[in-house]
Each structure stands twice: as structure tokens, then as C-alpha cells.
Number of protein chains: 2
Amino acid sequence: MRIGELAAASGLTTKTIRFYEQTGLMPGPPRTPSGYRDYPEQAKARLDFIRDAQGAGLSLAEIRSVLALRDGGQAPCAHVTALIDQHLADIECRLAELTVTREALRGLARRAAATDPAACTEDEICTILAPADDPKVDR
Amino acid sequence: MRIGELAAASGLTTKTIRFYEQTGLMPGPPRTPSGYRDYPEQAKARLDFIRDAQGAGLSLAEIRSVLALRDGGQAPCAHVTALIDQHLADIECRLAELTVTREALRGLARRAAATDPAACTEDEICTILAPADDPKVDR
DNA sequence: CTTGACCTTCCAGTGCGCTGGAAGGTCTAG
DNA sequence: CTAGACCTTCCAGCGCACTGGAAGGTCAAG
């Protein structure tokens, strides 16, 4: 299987597959006499795995670490479980942050609706975003 | 006011302030005879504004556009209002995405808890992340 | 024989918001 | 006079996951 075929089968580009090889996610495949990459069947499964893992929010570095364990003959289950838990915690955290930012923005939108453009002086730049008497975004 | 003093007053680094000047967020200040930057009082207000706007989730490019209006003598209210609305929509969208990812990760965590490491064969790489019979992350 | 699709390597750039370092100038205190 | 704290410019790099392009090799069909 040549790289273009594998790309089509996996939905990636040849560029991306070469990039994965270069960064240690994919092993270098055997070559044809003329130097073309010649992939075995498992290559597609590996790319599928990478896609799934990315879909779960893992970074390429994390995926690399999982694959390294597997390639070393170990079951990466424990490691994967830890990664999943960590990402869950991460996401909870970002959800909380985003929610706070959303509330802040809603406050700004309310203020914007109540703002008279003429009241905005040059010194303050913009009373919606940074009112003189209320430096921090309020609740 | 020299750049170090302004940096201390605003909580930024001198590097960052020079970077803001370079990228058009801050006007180039007058210089002392020896070439040192000599900032007027308003510089701090402008940096504070940038910080507040960033806190509201605006990118430096967006902040630049607001400042450009203001510097051009226009009240940026309408523009700011549009940016706020757009960011609110953005955040709603990302919150929704993150929530979906969280549910997917919770599913994975459940599966991980139920997985026997011995069941994970080499071909599949990892049955938690990419089970052979269930290629896409389920609900 | 030529065309065109495919493949190879290597180098460089994207966006974002800085950050680091080198090499040198200036100012103040002791 | 010297130390050291500050300032100047310019160039380069971070992390992330690619993406683009140049310059050239290979292969099958017409």
C-alpha cells in the first residue's frame, strides 16, 4: 500500500502521514526498490487509532506515549486511563473558566446596550470594556 | 515615565510593551535625548484597557481594531458591541463542544474501568480508545 | 517519447502572544 | 572610575499540528 492509498483510506493527507512518521507516531515503513513507502495493512488501524485518540482530546505527544508503550510490548491501559482522567479534569476546568467568561461577556453586553456613544470619552477609550469607575469586569 | 516604570505600573514586562508598540497596539512614545521611551500618563490607561479587553476574551487583533477607531476619533461602541456579541456566540459554541467532548471522555473512563488489560491485543493498540467493534466514540 | 499522476526529500511558514538573548548605550551611586 | 541597573535594537524561538512549495525521481498509459 503506497502512501497516497493509505491517505485516501484514512482520510488524511500524505503530508500528514509523513509528518507522523517524522515525529515518531508512525514507524518508518519498508520501501519499494524505487524508494516509495510501502505500508502494511496495520498502518490504517494505527492511523485510525491516532484519529480516535485525537478525537478524545489527546495531544499527539500523549498519543505518542501510548503508542510507545504498546510498541514496547506493554498494554497501555493504565496510562490511557490516567490520560483520560487528566483530560476530564482539564475539561471541567476549562468549562468552568468559559462559563465565567461568558457571564462577564453577558455583563458587558448588558452594559453595551445601556451605553450612550456620546458618553464615551477619548481618555477612557471605551466605557463598555473598561469603565473608569469599574476597572474589573463585574458580575 | 520610562518603560520599566510603566511595566511595573501596568503589571506587564518591558518586552511586552515594546511588542505592543511594534504590533501597533501602543503608539510610539516620545523619546528622551538619549533615546529612552518617555511615556505620558495615558499610556497606563491604554495598557489597562488592553488588559481588560483581553480579559473579556478579545484577541490583540480585535483590540487593535477598537483602538484604531478610537485613535481615528470615532467612538468604537458599535464595533465593540458587535465583538462582544460575536465572542458570546463563540463561547456558547465552545461550551457546547466541550460538553460533548466531556461526555465522550466520561464514556471512555467508564469503559476503561471495565477493561481487562489482558483483553487488549497488540493489533488494536488500545481497546479503551479504539475498540475494534466500535470505531467511533459512542454517547 | 511524452504526459501526468504519483512519489521522494528538505526547508520554511502558519497563528497567537509573547519571551529570550546578544550586543551595545546611558545613567546614577559609591 | 567602576559597578550595576536600566535602556536600546534586532533576530530568533516557543508550542501545536500541520501545510506549502521547490526540485527532482518513478511509473503506467497513450
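So that the names make sense, note that chain A is the first sequence line, chain B the second, and so on, each numbered from 1. Keep in mind that the numbers below use all heavy atoms, side chains included, and drop hydrogens, waters and symmetry copies. Keep in mind it's a predicted model, so treat the numbers as computed, not measured.
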Self-check item: Check: B:T23 and B:L60 side chains under 4.5 Å, non-hydrogen atoms
Solution: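 B:L60 vs B:T23: side chains apart.
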To the side chain of [X], which of [options] is closest?
X: B:T16; options: C:dT19, D:dT19, D:dT8; result: C:dT19
X: A:K15; options: C:dG17, D:dT8, D:dT19; result: D:dT19
X: A:R2; options: C:dC7, C:dT19, C:dT26; result: C:dC7
X: B:I3; options: C:dC27, C:dC18, D:dC7; result: D:dC7
X: B:Q54; options: C:dC27, C:dC18, C:dT9; result: C:dC18

Quiz prompt | A:Q74 and A:H79: side chain donor to acceptor below 3.5 Å | solution =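 The criterion, which ignores hydrogens and geometry beyond distance, is not satisfied for A:H79 and A:Q74.
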Distance below 4.0 Å between [X] side-chain N/O and [N] OP1 or OP2:
X: A:R64; N: D:dC16; answer: no
X: A:R37; N: C:dC7; answer: no
X: B:Y20; N: C:dG17; answer: no

Just the rounded figure in Å: distance from [atom2] of [N] to [atom1] of [X].
X: A:R31; N: D:dG25; atom1: CZ; atom2: P; answer: 16 Å
X: A:L60; N: D:dT19; atom1: CG; atom2: P; answer: 11 Å
X: A:M1; N: C:dC7; atom1: CE; atom2: P; answer: 11 Å
X: B:M26; N: C:dG17; atom1: CE; atom2: P; answer: 17 Å
X: A:E21; N: C:dT8; atom1: CD; atom2: P; answer: 9 Å
X: A:I17; N: C:dT9; atom1: CD1; atom2: P; answer: 13 Å

Exercise. Name the residue closer to the 5' end of DNA chain C, choosing between A:Q22 and A:E5 according to the nucleotide with the nearest heavy atom.
Key: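 Going by which nucleotide is closer to the 5' end, it is A:E5.
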Quiz prompt | Given DNA chain C, 5'-ward residue of the pair A:D38 and B:T13, judged by closest heavy atom | solution =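 It is A:D38 whose nearest nucleotide is closer to the 5' end.
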Practice problem: Assign A:S59 to base, sugar-phosphate, or nothing according to its heavy-atom contacts below 4.0 angstrom with the strands shown. | Solution: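 Since only primed, P, OP1 and OP2 atoms lie under 4.0 Å of A:S59, the category is sugar-phosphate.
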Practice problem: Could you check whether A:R18 gets within reach of a base, just the sugar-phosphate, or nothing at all, counting any heavy atom under 4.0 Å? | Solution: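 Touches a base.
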Quiz prompt | Interatomic distance, A:L83 atom CG to A:D90 atom CG [nearest 0.5 angstrom] | solution =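 A:L83 CG to A:D90 CG: 10.5 Å, rounded to 0.5 Å.
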Quiz item: Nearest heavy-atom pair of B:Y39 and B:R2: which atoms, and what distance?
Solution: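 Scanning both residues completely, I find the closest heavy atoms to be CD1-C, 4.3 Å.
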Quiz prompt | Contact summary for B:I50 and B:I63, nearest pair of heavy atoms | solution =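 Looking at all heavy atoms of both residues, the shortest contact is O-CD1, 3.7 Å.
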Quiz item: Any donor-acceptor pair under 3.5 Å between the side chain of B:Y36 and the base of C:dG25?
Solution: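 Such a pair is found, so the answer is yes.
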Self-check item: Nearest-nucleotide 5' precedence on DNA chain D, A:F19 against A:S34
Solution: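 In this pair, the answer is A:F19.
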